[in-house]
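Atom set for the values below is all heavy atoms of this structure, side chains included, hydrogens, waters and symmetry mates excluded. Please read these numbers as outputs of a predicted model, since none were measured by experiment. Order of the sequence lines sets the chain letters (A, B, ...), proteins ahead of strands, with each chain counted from 1.
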Amino acid sequence: MSLQLHNSLVGKKQPFAPLHEGKVGMYVCGVTVYDYCHVGHARVMIVFDVVYRWLKKLGYDVNYVRNFTDIDDKIIARAAERNIDIDTLTDDMITEFHQDMDALGCLRPSLEPRATTHMGSMIAMIEALIARDCAYVSESGDVLYSVRSFDGYGKLSGKNIDDLESGSRVDVDDSKRDPLDFVLWKRAKEGEPSWDSPWGAGRPGWHIECSAMSCEHLGNTFDIHGGGMDLKFPHHENEIAQACAANGGDFARFWLHNGFVNINAEKMSKSLGNFFTIREVLKKYQPEVLRMFVLGTHYRSPLDFSDQALDVAKVGLDRLYETKRRLAGKTVEESNVTEAFAAALNDDFNTPEGLAELFECSRRINKGLDNNVDISLDIQHFSAMSALLGIVQQDAETWFQGDSDDSAAIEALIVERTEAKKARDFARSDVIRDELAAQGIVLEDGASGTTWKRG
RNA sequence: GGCAGGGUGGCUCAGUGGUACGGCGGAGGAUUGCAAAUCCUUUAUUCGCGAGUUCGAUUCUCGCCCCUGCCUCCA
């Protein structure tokens, strides 16, 4: 079966075919760089990392663009708060962001454009919108987008303008022709960073950034646009309105939205304050645990965050690493994933089903090892599937034992215990095992000697 | 109020018009000096509730209940 994507634009799965043979253009909304990333951000990045990896595996030449919003109200406020330059803040946060992403095993996108270096294309797009009567300069001096001018407004989010207005919580701004009109260009306020434009000094609105940067780097019409479900409205709706009205054609062809990360059945978010940063989680859990946790649920479903859920992910990974550990020393040839795995990923990136296949493959290997039958093909599959998901990528001993420096002492005790066992002095060997167990060390007596891990 | 997405075993998470995948946990067995790990067997007359369509529905349709989100910044 070929790749099927759930396209938010039509609300169902559709067969995927790129605009240009063999090439895929994909844009994913990145982060606003004013603070550390939390688990919600981690989910988007991990989900689209797997999308990226799978598209490449299918043989596409993928141009993956993920932006940084490096100018907005929150950034200005935070820089002022910390009494540092905006550039210092954003550069710093981008470095921290990359650190988190690298830790999580997310491949770097092809390009990570920053809003502040794309003023030209944003201004050009706004000019085009004004020329087409889709935007206007308000009394306050801001440039606004006129939502009534765009017929398809609301198509992505399944809303219509009248419904939006009746349920609107937005304060009515007199300078707007319509309450739903949104800012394309904000006139500079005293002391704020600004860029020159035909409408005076100012800075871009959030939505225009993504429309301009995606079109500049991927062309006016491109294949995939992704992001969190919360960006569907108004952000992505506005992106479509801007790009389509300015360019006169289609914008992104497939829209992919991932579900939220919840805590106690509530959305994890900055505003609710119920978030955990990635680095907080990584103090307690290895990065692959977070990855496993994310991939264990389909990307569009809600994902409940809890220590218990992470523990479950950890135990599952342990199982896979036990298999990898038994494979130590065996050379693995480059190979492909199983058909079942490919079918799962092709079905709108069904990673839980992909994981099920990986676990089954693990069992086949263990069984083969126990019964001494040829499992070379399974080993290749195991390696290819785990690599594709970006898990079980560490050395198994490191995974189980960590890299602290008490290993020598532990191993000395294991040698002593082995001697005792050889002498059938089980009382002594059990004492040693108990001593180690008290330190959290679990021993496993295998056919080729004793191995250990931290429990 | 409008719109979107959900409700599957003790927990978690897939899936399908013909009685349900995987993981965790539980029980039993093999293996082991005993463990650990691994393997085998087992663990949902049942998929929120009611009705309809059908030979047959958890899967389709309708109604209802409950949960979450979006409609303001948000991944």
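Counting to the nearest Å, the P atom of A4(B) and the NE2 atom of His236(A) are 18 Å from each other. Summarising the geometry, the separation between CG on Leu156(A) and P on G69(B) is reported as 20 Å, rounded to the nearest angstrom. If you take NE2 of His298(A) and C1' of G15(B), they are 12 Å apart, rounded to a whole angstrom. Distance Ile76(A) CD1 to C73(B) P: 16 Å, rounded to the nearest Å. Note: CG (Leu231(A)) to P (A4(B)) measures 19 Å, nearest angstrom. Rounded to a whole Å, the CD atom of Glu444(A) is 19 Å from the P atom of U31(B). Summarising the geometry, the separation between CZ on Phe233(A) and P on C71(B) is reported as 8 Å, rounded to the nearest angstrom. Distance Trp255(A) CH2 to A75(B) C1': 14 Å, rounded to the nearest Å.
Side-chain proximity of Arg326(A) to the nucleotides U38(B), A36(B), C73(B) is greatest for U38(B). Each of C40(B), U38(B), A75(B) was ranked by its minimum atom distance to the side chain of His38(A); first place goes to A75(B). Of the candidate nucleotides G2(B), C34(B), A75(B), G2(B) has the atom nearest to the side chain of Lys159(A). Listed candidates were C13(B), G33(B), C70(B). Nearest to the side chain of Asp230(A) is C70(B). With A4(B), C70(B), G15(B) as the candidates, the nucleotide lying closest to the side chain of Asp347(A) is G15(B). Taking every side-chain heavy atom of Lys74(A) into account, C73(B) is the closest of C70(B), G33(B), C73(B). When each of C11(B), C34(B), A4(B) is scored by its nearest atom to the side-chain atoms of Gln308(A), the top-ranked nucleotide is C11(B).
Checking Val31(A) against Asp318(A), the closest nucleotide of RNA chain B that is more toward the 5' end is the one next to Asp318(A). The residue among Leu443(A) and Leu303(A) whose nearest nucleotide of RNA chain B lies closer to the 5′ end is Leu303(A).
Across all strands shown, Asp430(A) has heavy atoms under 4.0 Å from base atoms, whether or not it also approaches the sugar-phosphate. Counting non-hydrogen atoms under 4.0 angstrom, Gly40(A) reaches a base of the nucleic acid. Within the 4.0 angstrom heavy-atom criterion, base atoms lie near Gly259(A). If you check every strand for non-hydrogen atoms under 4.0 Å, Val47(A) touches nothing. Residue contacts shown for Arg364(A) are absent, as no nucleic acid heavy atom lies under 4.0 Å away. No contact: Met45(A) has no heavy atom under 4.0 Å from any strand. Counting any heavy atom pair closer than 4.0 Å across all strands shown, Asn258(A) reaches a base atom. Within 4.0 Å of Thr451(A), counting heavy atoms only, lies no atom of the nucleic acid at all. Note on Asp445(A): a base of the nucleic acid sits closer than 4.0 angstrom, heavy atoms only. Using a 4.0 Å heavy-atom distance criterion, Thr323(A) is classed as making no nucleic acid contact. Counting non-hydrogen atoms under 4.0 angstrom, Lys453(A) reaches the backbone sugars and phosphates but no base.
Separating the P atom of G5(B) from that of U42(B) is a span of 39 Å, rounded to the nearest Å. Straight-line distance between the P atoms of A14(B) and G23(B): roughly 15 Å, to the nearest whole Å. When the C1' atom is compared between C55(B) and G18(B), the two are found 10 Å apart, to the nearest whole Å. Rounded to whole Å, the C1' atom of G22(B) lies 33 Å from the corresponding atom of C64(B). Here, U68(B) and U31(B) have their C1' atoms 48 Å apart, quoted to the whole Å. The gap from the C1' atom of U43(B) to that of A37(B) amounts to 22 Å, rounded to the nearest Å. For G17(B) and C60(B), the P atoms lie 8 Å apart once the distance is rounded to whole Å. Atom name C1', nucleotides U72(B) and C67(B): the rounded distance is 23 Å, in whole Å.
Every residue was checked against the side chain to side chain donor-acceptor pair (under 3.5 Å) condition with Gln286(A), not counting sequence neighbours, and none meets it. Gln380(A) meets the side chain to side chain donor-acceptor pair (under 3.5 Å) test with no other residue; sequence neighbours excluded. Listed by chain and residue number, nothing satisfies the side chain to side chain donor-acceptor pair (under 3.5 Å) test with Thr95(A) (two or more places apart in sequence, or in another chain). Qualifying side chain to side chain donor-acceptor pair (under 3.5 Å) partners for Arg291(A), counting only residues two or more places apart in sequence or in other chains: Asp49(A).
Between Lys267(A) and C70(B), a side-chain N or O to OP1/OP2 separation shorter than 4.0 Å is present. Remark: Ser306(A) is not in phosphate contact with C11(B), judged by side-chain N or O atoms under 4.0 Å from OP1 or OP2. Under 4.0 angstrom from either OP1 or OP2 of U38(B) there lies no side-chain N or O belonging to Lys367(A).
The six-membered or imidazole ring of His118(A) lies near that of His217(A), with a centre-to-centre distance under 6.0 Å. In this structure, the ring of Tyr27(A) has its center less than 6.0 angstrom from the ring center of His225(A). Aromatic rings from Phe97(A) and Phe68(A) are positioned such that their centres are separated by under 6.0 Å. Here His381(A) and Phe341(A) keep their ring centres 6.0 angstrom or further from each other. Proximity of the aromatic rings of His236(A) and Phe251(A) is defined here by a centroid distance below 6.0 angstrom, and this criterion is not met.
Judged by distance alone, the side chains of Arg203(A) and Thr116(A) never bring a donor and an acceptor atom under 3.5 Å apart.
For Asp370(A) and C40(B), a side-chain-to-base donor-acceptor distance below 3.5 Å is absent, hydrogens and geometry of angles not being considered. For a distance-only test at 3.5 Å, the side chain of Arg433(A) qualifies as a donor-acceptor partner of the base of A35(B). Donor-acceptor pairing under 3.5 Å, judged by distance alone, is absent between the side chain of Asn262(A) and the base of G69(B).
Not one N or O on the side chain of Asp347(A) forms a donor-acceptor pair closer than 3.5 Å with the backbone of Ala343(A). Tyr64(A) contributes no side-chain N or O that, together with a main-chain N or O of Leu111(A), makes up a donor-acceptor pair within less than 3.5 Å. Remark: the backbone N or O of Leu5(A) is not paired with any side-chain donor or acceptor of Asp348(A) at under 3.5 angstrom.
Tyr36(A) carries Arg279(A) over the face of its six-membered ring, with the cationic atom under 6.0 Å from the centre and within 45° of the normal.
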- [ ] Represent RNA chain B in dot-bracket notation, 5' to 3'. Only Watson-Crick or G-U wobble pairs with both distances under 3.5 Å count; pseudoknot-style crossings use [ ] and interstrand partners use |.
- [x] (((((((..(((.........)))((((((.......))))))....(((((.......))))))))))))....

Open item on the list: Generate the contact string for nucleotides 21-28 of chain B. Rules: B means base contact, S means sugar-phosphate contact only, - means no protein heavy atom under 4.0 Å.
Closed with: SSSS----

